[in-house]
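Report on the following structure.
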Amino acid sequence: MLRRRPRRWAATSTSALPTRGSGALSAGSTPEFASINPPGPLHIAHGRGTILGDSICRVLEFTGHAVQREYYVNSDNTQTRKFGASVYARLHGEEPPEGGYTGDYVTELAEMAHHDLPDIEKLSEEEAEPKLRMYALAKMVEQIKATVARLGVRYDEWFWENKLWEAGLPQKGIERLRAAGYLKEKDGALWFGDPADQEEEDRVVIRSNGQPTYFASDLGYLLSRFEQRGYQRVIEVWGADHHGYVPRMKSAIAALGFDPEKLVIILHQMVNLKEGATRSGQKVKMSKRAGRFVTLDELIDRVGSDAVRYFYLLRSPDTTIEFDLELAVTQGNENPVYYAQYAHARLTNVEAAASEHHAQLPVQADVQLLVHPWELDVARQLAFWPDVVEDATAMLEPHRIPYYVHDLATAVHRFYHAGNAQSEHRVVVDDPKLTRARLELCRAARHTLKTALDLMGVSAPERM
RNA sequence: GCCCCGCUAGCUCAGUGGAUAGAGCAUCUGUCUUCUAAACAGAGGGUCGGGGGUUCGAAUCCCUCGCGGGGCACCA
């Protein structure tokens with residue numbers, strides 16, 4: 001029903017621990033989203049970028065776009081070097097350096113490295129750190145993979161930053177910017193600046209100590225996607241705390257000679273947990289919980305993947321999420337997740353119940369027989385679906401889908417309930433033609449609910 | 001100081017210039033002998049943060065002020 005000319009796309013996203021963003025997509029074929037700096041577990045805000053990016057990908061795929069999901073793994077920046085140095089310190093029974101990583105998992109990583117990397121202790125820090133860093137990062141990436149898999153998210157590519165340097169892409173980007181007059185030396189460092197833009201501050205590309213900044217890697221990553229791989233559009237999903245970086249990315253891509261419009265950066269606001277006595281709308285306790293931070297795994301443990309995805313997708317990216325833990329775990333009519341899923345389960349059930357009568361039913365459904373308001377309302381909702389998909393695709397706003405799902409579920413429940421109130425309004429009635437027509441409505445509604453829930457990454461159970 | 005996001009019902013939020021501003025939760029009242037009551041029907045609840053402006057028409061666009069959150073590195 002929704003047929004579109006396939007375009008080349010790509011999605012990439014970048015989520016961030018201390019790292020930028022969270023996800024990106026490129027059209028023609030490549031989104032990148034949720035690329036969190038790996039030296040730590042995903043927390044609840046990363047989940048937002050991950051789910052948002054993933055649903056954008058799902059919608060794009062559904063509308064015929066080729067999509068490549070990428071997770072950009074930082075491996076050569078200051079943060080990850082400190083991470084490697086922290087593992088090195090633990091390996092030698094020492095405290096991590098200033099600004100390093102102190103969690104118990106760092107000690108565990110050191111122990112694992114001790115077993116897996118022979119003679120690693122004999123190497124100097126200079127030699128050992130990169131090895132330990134890559135080893136520990138790979139372990140962290142495995143963890144992140146496992147976590148996002150619980151949400152039904154799968155990346156086509158875990159793109160390692162070091163591959164960029166091995167391929168010489170950042171170097172190539174720098175040379176191109178130099179040739180175009182965007183680079184200058186100052187205080188021993190190499191700076192990027194648009195000569196035509198006085199507003200924008202200059203940005204360090206190579207530090208005075210000779211080490212590149214993440215900006216240099218980004219140049220390479222842009223080249224990788226736009227030039228080497230030819231993506232028509234790149235979508236990146238970032239946490240709003242990185243919004244200040246957007247203008248620089250736009251300048252960079254323009255300076256490299258590409259259309260800045262082809263780099264789409266989607267920003268999302270933060271996530272807070274709400275719990276406590278909120279039922280009557282009184283106490284609201286924010287749970288950033290001093291010191292203790294809530295990981296994405298903990299949230300999934302507590303409310304399940306469906307609820308996490310549904311509640312996250314329910315909000316516009318511009319809105320800070322107040323995640324209502326109590327509501328999300330409620331197995332009742334107040335929980336929108338179950339409300340939608342129940343509509344699907346009911347329809348599945350009624351179709352199954354009708355199957356024994358199938359032999360007596362006409363092959364063709366005559367939908368003209370559907371005349372009651374509750375029947376027409378379902379049909380009306382179904383007619384809206386293509387527009388919802390189109391809007392969600394064009395604006396890259398998956399949050400439109402759960403609202404639609406709710407509206408369709410409401411129509412379905414009302415339709416179904418008419419049969420509860422009066423038996424002649426049931427789907428399966430004595431009149432075979434009428435039964436057939438109503439079954440057709442059920443089939444269409446169930447299919448649409450299933451499709452919409454799929455785009456959200458939420459399951460559509462057949463019975464509840 | 002500068003930049004970004006938000007401010008809509010008690011709470012959480014939809015609503016990209018068009019009809020009387022919507023939903024969920026919460027509160028109150030009804031409905032199961034059933035193809036699934038995890039559902040349905042109904043009620044109350046609003047200066048769309050304040051003030052200007054543009055427009056035939058503004059929650060929506062512009063200006064301004066206030067409040068809350070997030071940013072302004074040779075970190076990402």
Side-chain angles (χ1 to χ4, degrees), chain A residues 14 16-21 35-37 74 77-80 82 99 186-191 199 201-215 217-218 238-247 267-270 272 274 278-284 311 314-324 326-327 330-343 345-354 357 374 391 394-395 397 399-400 402-403 406-407 409-410 412-423 425-429 435 438-439 442 461 463-464:
Chain A
T14 324
L17 188 54
T19 305
R20 173 187 75 250
S35 306
I36 294 92
N37 223 9
N74 293 95
N77 57 29
T78 307
Q79 293 299 314
T80 54
K82 281 181 183 166
K186 191 172 69 183
D187 304 329
L190 188 64
W191 300 71
E199 302 285 308
E201 279 181 45
D202 292 345
R203 186 85 194 172
V204 171
V205 184
I206 305 287
R207 299 185 179 89
S208 52
N209 66 6
Q211 287 206 335
T213 65
Y214 64 93
F215 188 77
S217 295
D218 280 336
W238 298 352
D241 50 339
H242 296 104
H243 88 269
Y245 193 54
V246 172
L267 300 171
H268 68 260
Q269 298 297 316
M270 307 288 109
N272 295 319
K274 185 176 93 171
T278 60
R279 312 308 277 167
S280 50
Q282 293 146 3
K283 256 177 265 173
V284 175
F311 278 80
L314 201 50
R315 300 288 171 250
S316 149
D318 287 340
T319 303
T320 302
I321 290 182
E322 302 294 333
F323 197 99
D324 190 333
E326 282 192 35
L327 181 59
T330 309
Q331 303 224 348
N333 57 352
E334 61 270 30
N335 191 327
V337 185
Y338 293 106
Y339 186 83
Q341 291 179 325
Y342 188 50
R346 272 184 147 177
L347 292 173
T348 307
N349 189 63
V350 74
E351 287 182 75
H357 306 283
W374 50 86
D391 287 350
M395 305 171 90
E397 290 183 348
H399 73 272
R400 292 163 181 277
Y403 282 96
H406 180 268
D407 288 346
T410 297
V412 165
H413 283 309
R414 186 178 301 145
F415 163 74
Y416 184 93
H417 194 268
N420 270 358
Q422 289 185 278
S423 57
H425 294 143
R426 291 191 186 193
V427 173
V428 182
V429 288
T435 300
R438 287 175 178 167
L439 276 174
C442 289
R463 56 182 59 246
M464 291 171 72

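In this text the structure is predicted, and so the values were computed from the model without any measurement. Per chain, numbering begins at 1; letters A, B, ... match sequence-line order. When reading the values below, keep in mind they use all heavy atoms of this one structure, side chains included, and skip hydrogens, waters and symmetry mates.
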Listed pairs, N/O of protein and of nucleotides 41-45 of chain B, under 3.5 Å:
unit_1: A41(B); atom_1: OP1; unit_2: Arg414(A); atom_2: NE; d: 2.5
unit_1: A41(B); atom_1: OP1; unit_2: Arg414(A); atom_2: NH2; d: 3.2

Please list, chain by chain and in numerical order, all residues satisfying salt bridge (Lys or Arg N to Asp or Glu O under 4.0 Å) with [X], sequence neighbours excluded.
X	answer
Arg438(A)	Glu375(A)
Asp202(A)	Lys184(A)
Arg315(A)	none
Arg414(A)	Asp377(A)

Tell me what [X] touches on the nucleic acid: a base, only sugar-phosphate, or nothing, going by heavy atoms under 4.0 Å.
X	result
Ala343(A)	nothing
Asp407(A)	nothing
Ser316(A)	sugar-phosphate

I want to check one thing: is the phosphate of [N], taken as OP1 and OP2, less than 4.0 Å away from some side-chain N or O of [X]?
X	N	value
Asn272(A)	G69(B)	no
Tyr339(A)	C40(B)	yes
Arg346(A)	A37(B)	yes
Tyr338(A)	A38(B)	no
Thr78(A)	C74(B)	no

Write down the distance separating the [atom1] atoms in [N] and [M], rounded off to the nearest Å.
N	M	atom1	value
U8(B)	C13(B)	C1'	9 Å
A41(B)	G57(B)	C1'	36 Å
G10(B)	G49(B)	P	13 Å
A14(B)	C61(B)	P	15 Å
U64(B)	G24(B)	C1'	35 Å
A58(B)	G18(B)	C1'	10 Å
C63(B)	C3(B)	P	11 Å
U12(B)	C7(B)	P	12 Å

With sequence neighbours excluded, what pairs up with Arg426(A) under the side chain to side chain donor-acceptor pair (under 3.5 Å) test?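 Partners of Arg426(A) under the side chain to side chain donor-acceptor pair (under 3.5 Å) test: none.
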Of all residues at least two apart in sequence or in a different chain, which pass the side chain to side chain donor-acceptor pair (under 3.5 Å) check with Gln269(A)? none
Gap between atom OG1 of Thr319(A) and atom NE2 of His399(A) - 0.5 Å precision: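 Atom-to-atom, His399(A):NE2 and Thr319(A):OG1 are 8.0 Å apart.
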Watson-Crick or G-U pairs under 3.5 Å in RNA chain B, rendered as dot-bracket with [ ] for crossing pairs and | for another strand: (((((((..((((....[...)))).(((((.......))))).....(((((..]....))))))))))))....
Is any side-chain N or O of His243(A) under 3.5 Å from a base N or O of C5(B), one able to act as donor and the other as acceptor?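 No such pair is found, so the answer is no.
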Record whether the side chain of Thr213(A) comes under 3.5 Å of the base of C74(B) through a donor-acceptor pair of N or O atoms. no
Residue mapping more 5' on RNA chain B - nearest nucleotide basis, Gly244(A) or Arg315(A): Arg315(A)
Report the residue (Val427(A) or Thr320(A)) whose heavy-atom-nearest nucleotide on RNA chain B is the more 5′ of the two.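 Its nucleotide being nearer the 5' end, the pick is Thr320(A).
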Give a yes or no on whether the backbone of Asp318(A) and the side-chain of His268(A) come within a donor-acceptor separation of less than 3.5 Å.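 No, His268(A) side chain to Asp318(A) backbone: no donor-acceptor pair under 3.5 Å.
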Quick check for you: among [options], whose closest atom lies nearest to any side-chain atom of [X]?
X	options	value
Arg400(A)	U16(B), C35(B), A14(B)	U16(B)
Asp241(A)	C40(B), C35(B), G71(B)	G71(B)
Asp391(A)	A38(B), C5(B), U16(B)	U16(B)
His399(A)	G70(B), A14(B), C74(B)	A14(B)
Asp318(A)	C74(B), C13(B), G6(B)	G6(B)

Whole angstrom value for the distance that separates [atom2] of [N] from [atom1] of [X]:
X	N	atom1	atom2	value
Trp191(A)	A73(B)	CH2	P	10 Å
Phe323(A)	C25(B)	CZ	P	16 Å
Tyr403(A)	A23(B)	OH	P	13 Å
His425(A)	U31(B)	NE2	P	20 Å
His406(A)	C13(B)	NE2	P	17 Å
Tyr342(A)	C40(B)	OH	P	9 Å
Tyr245(A)	G71(B)	OH	C1'	15 Å
His417(A)	U31(B)	NE2	C1'	6 Å

Show the numbers, then the answer: is there a side-chain contact (heavy atoms from CB on, under 4.5 Å) between His357(A) and Val428(A)? CA-CA 9 Å; His357(A) 306 283; Val428(A) 182; 3.6 Å; yes
List the residues meeting ring pair (Phe, Tyr, Trp, His ring centres under 6.0 Å) with His413(A), not counting sequence neighbours, and say none if there are none.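 By the ring pair (Phe, Tyr, Trp, His ring centres under 6.0 Å) rule, His413(A) matches Tyr339(A), Tyr342(A).
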Do the side chains of Pro336(A) and Phe311(A) get nearer than 4.5 Å, heavy atoms only? yes
If you look at every heavy atom in Asn272(A) and Thr320(A), which pair is closest and at what distance?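 The answer is ND2-CG2, 3.8 Å.
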